[in-house]
Amino acid sequence: MAGAGVEVGAAEGVEVDMIGVGYRRPLAKWIESRPTGLECLEITAEHFYDGGEEKLATLKKNYHLFVHGLGLSLGTPGTLDKSRLESFAKVSALANPDWISEHVAFTRTSEVDLGHLNPIAPTRESIKVIADHAREVSERCRKPIILENITSHIRLQGELSETDFLNSVCEAADCGLLVDVTNLFINSRNHGFDPVKWLHELEPRRITQLHIVGYSMENGRYLDGHATEVQTELLELAGAVIEYAPVKAIILERDEHFPDPALMAAELEKLKKIFKTNGSGHGIGSIAA
Amino acid sequence: MDLVTALGRLLRDGKLRDAFAAMPEDIIERLGVQAADRPALLAISAADLEAQAKVLLRKRYDAIAHLIPDTLSALGEKAWPGFQDYGRQYWPDGTDKEIRDATQFMRHCKQQYRKDVSSRELNKLAFLSSRLSAAAHWITDLQFRGRKRGGLQILIRRNGGRWTESILFLGF
């Protein structure tokens, strides 16, 4: 991977088949109790920009960590925001993660900070922008980087299909992919395509990590609310990804409506079962659009 | 103008989205979008653009919710629709944008639904956006045990940007 001297999909020192959660404060007590089945944590870098070094040190002692970014805006043409990059690198240095990750998206333009992820047109020009920025982040942090597909109500047209675009970005940046299963499922439903066909157009060796969380619906649109239990069709799609690619870790995300620990543990257990069986026998036909 | 910048303008500005929905080619021309990016913008449906903008507005709403919980609670079902009306016309930027967003929304709510705005939260936001080391306010709409009552609100800034709020009142 870029700037780290390790192979794509085989980050140095990483044990395979890890299941974990995105670290959020409401889950802290449960996480600190070191529950069975919780093997790794994903830290959102922005949550630690203004402190929390001691907390990071404690988490690092007990878990494999990954550092995930929300606001580096890799898809914005021009230079990266140096201040944010330095803050991200500081968190990465403290957490010493197996890898770092960001999104194939823009959150900022030269005029405005939109505060959340927006899509990039699949063009050759965008490949260079994203790949150059991904390399820069990886080299600054001295860690392998993997890039995540986002969910968006807008599907921008370009010279390439989305999957060719992602493959080309990974090639140009020499990086891996973080497949957000929920984002893939939501996009497939909102934009009417087959998520398994989409998946099989990706280069499997690039797929390193998965995100998963339940979706919600409003006015006929599927939404990425990060607030519900993982639905069966998402577990089936996760199984299809694991069957197809050498996934190293799955992170269960939750940003709202945090369930009680028993439910979180049950969700982890479901993911573990899928992981350990390597997706064999999952009914992927039922998730086709 | 490149595609990212043009999309940013559309996503932050509700009136511009309305105009784009009615006359997309005119708006693309007015924005001066570079020729190579025009087909991608023209292919975006107005409904999809509005749905994406709503996602961004919801993130803003969630980000200010912890700053003005009493006001949002008092607004009840009007809170999120009210924020969407307000957010289509104003986009905060720069430092402390959550505080400024919450403050502007409170001002909007004060005009729209005068009785629902918490003066305690408005005072707190004014203090946070100031450089004052301390502030005190007499407030009359303090919610306690389901009743409104008067009380003294004291805000003090501590080292490292931390701050505390104390409320003093008499009675039970």
Side-chain angles (χ1 to χ4, degrees), chain A residues 25-26 46 50-51 70-71 73-78 83 105-126 129-130 150-160 183 186-187 190-192 216-227 255-257, chain B residues 1-13 16-17 20 31-66 80-81 84 87 90-98 100-101 160-162:
Chain A
R25 268 191 205 153
E46 284 79 359
D50 295 322
L70 299 172
S73 200
L74 302 184
T76 304
S83 161
F106 76 94
T107 58
R108 218 170 30 258
T109 74
S110 56
E111 299 176 339
V112 66
D113 185 349
L114 293 166
H116 191 56
L117 308 160
N118 298 287
I120 297 298
T123 63
R124 298 194 193 287
E125 196 181 330
S126 302
V129 171
I130 293 263
I150 68 162
T151 180
S152 170
H153 293 287
I154 300 169
R155 200 160 195 226
L156 290 174
Q157 308 293 312
E159 300 154 300
L160 305 167
N183 289 349
I186 288 171
N187 285 343
N190 286 339
H191 300 301
S216 53
M217 288 196 75
E218 188 181 292
N219 300 326
R221 281 183 187 263
Y222 287 75
L223 300 176
D224 183 27
H226 283 208
D255 290 335
E256 284 180 56
H257 302 134
Chain B
M1 180 182 289
D2 62 48
L3 180 60
V4 165
T5 308
L7 203 48
R9 285 245 189 125
L10 286 164
L11 287 168
R12 79 174 179 189
D13 185 340
L16 189 62
R17 286 197 300 281
F20 179 79
L31 290 174
V33 178
Q34 59 196 27
D37 290 337
R38 291 186 178 203
L41 268 183
L42 279 170
I44 299 173
S45 83
D48 287 351
L49 187 62
E50 202 58 45
Q52 184 68 16
K54 194 172 168 184
V55 169
L56 302 184
L57 283 173
R58 186 70 205 192
K59 291 287 174 184
R60 275 173 60 188
Y61 179 80
D62 292 343
I64 67 161
H66 73 283
W80 169 227
Q84 289 180 76
Y90 172 78
W91 198 277
D93 209 356
T95 55
D96 295 333
K97 62 181 183 172
E98 285 172 11
R100 279 189 290 113
D101 206 10
R162 297 167 75 174

Engineer: Tell me, out of A:I120, A:T123, A:N190, A:L156, who's got the most heavy-atom pairs with chain B below 4.5 Å.
Structural biologist: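 Answer, by heavy-atom pair count under 4.5 Å with chain B: A:L156.
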Engineer: Examine whether an atom of B:D37 lies under 4.5 Å from a heavy atom of chain A, and if so say whether it belongs to the side chain, the backbone or both; otherwise answer neither.
Structural biologist: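 Neither part.
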Engineer: Considering only heavy atoms and a distance below 4.5 Å, find which of B:T5, B:L56, B:D2 pairs most often with chain A.
Structural biologist: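 Highest number of pairs under 4.5 Å: B:L56.
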Engineer: Quick check: do A:E256 and B:D62 have side-chain heavy atoms less than 4.5 Å from each other?
Structural biologist: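 Of all side-chain heavy-atom pairs linking B:D62 with A:E256, at least one is under 4.5 Å.
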Engineer: For B:A53, is it the side chain, the backbone, both or neither that has a heavy atom under 4.5 Å from a heavy atom of chain A?
Structural biologist: neither
Engineer: Indicate yes or no: at least one non-hydrogen side-chain atom of A:I154 is less than 4.5 angstrom from one of B:L7.
Structural biologist: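 The answer is yes, as the side chains (C-beta and beyond) meet within the 4.5 Å cut-off.
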Engineer: Which residue out of A:T76, A:L117, A:N118 racks up the most heavy-atom pairs below 4.5 Å with chain B?
Structural biologist: A:N118
Engineer: Just how far is it from atom OG1 of A:T109 to atom CZ of B:R12, taken to the nearest 0.5 Å?
Structural biologist: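 A:T109 atom OG1 to B:R12 atom CZ measures 7.0 Å (nearest 0.5 Å).
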Engineer: Looking at CD of A:E218 and NZ of B:K54, how far apart are the two atoms once the value is rounded to the nearest 0.5 Å?
Structural biologist: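 Here the rounded value is 4.0 Å.
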Engineer: Need one label for B:L49: side chain, backbone, both or neither, based on atoms under 4.5 Å from any heavy atom in chain A.
Structural biologist: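 When you check distances to chain A, atoms from both the backbone and side chain of B:L49 fall under 4.5 Å.
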Engineer: Can you tell me how far CZ of B:R9 sits from CG of A:L114, rounded to the nearest 0.5 angstrom?
Structural biologist: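 Reported value, rounded in 0.5 Å steps: 12.0 Å.
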Engineer: Measure the CZ-CD distance between A:R155 and B:Q52 for me, rounded to the nearest 0.5 Å.
Structural biologist: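 Going from the CZ atom of A:R155 to the CD atom of B:Q52 covers 13.5 Å.
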Engineer: Can you give me the closest heavy-atom contact between A:V112 and B:W91, atom names plus distance?
Structural biologist: CG2-CD1, 3.4 Å
Engineer: Does a salt bridge link B:D48 with A:R221, judged by any charged N lying under 4.0 Å from a carboxylate O?
Structural biologist: yes
Engineer: Check whether B:V4 gets within reach of chain A through its side chain, its backbone, both or neither, counting any heavy atom under 4.5 Å.
Structural biologist: both
Engineer: As an exercise: rank B:A51, B:A63, B:P39 by heavy-atom pairs under 4.5 Å with chain A and give me the winner.
Structural biologist: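 Result: the option with the highest number of such pairs is B:A51.
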Engineer: Give, as side chain, backbone, both or neither, the part of A:N219 having an atom under 4.5 angstrom from any heavy atom of chain B.
Structural biologist: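 Contact with chain B involves the side chain of A:N219 alone.
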Engineer: Decide if atom CD of A:E125 counts as having more than 12 heavy atoms of other residues, nucleotides or ligands within a radius under 6.0 Å.
Structural biologist: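 Check fails, neighbour count at 12 or below.
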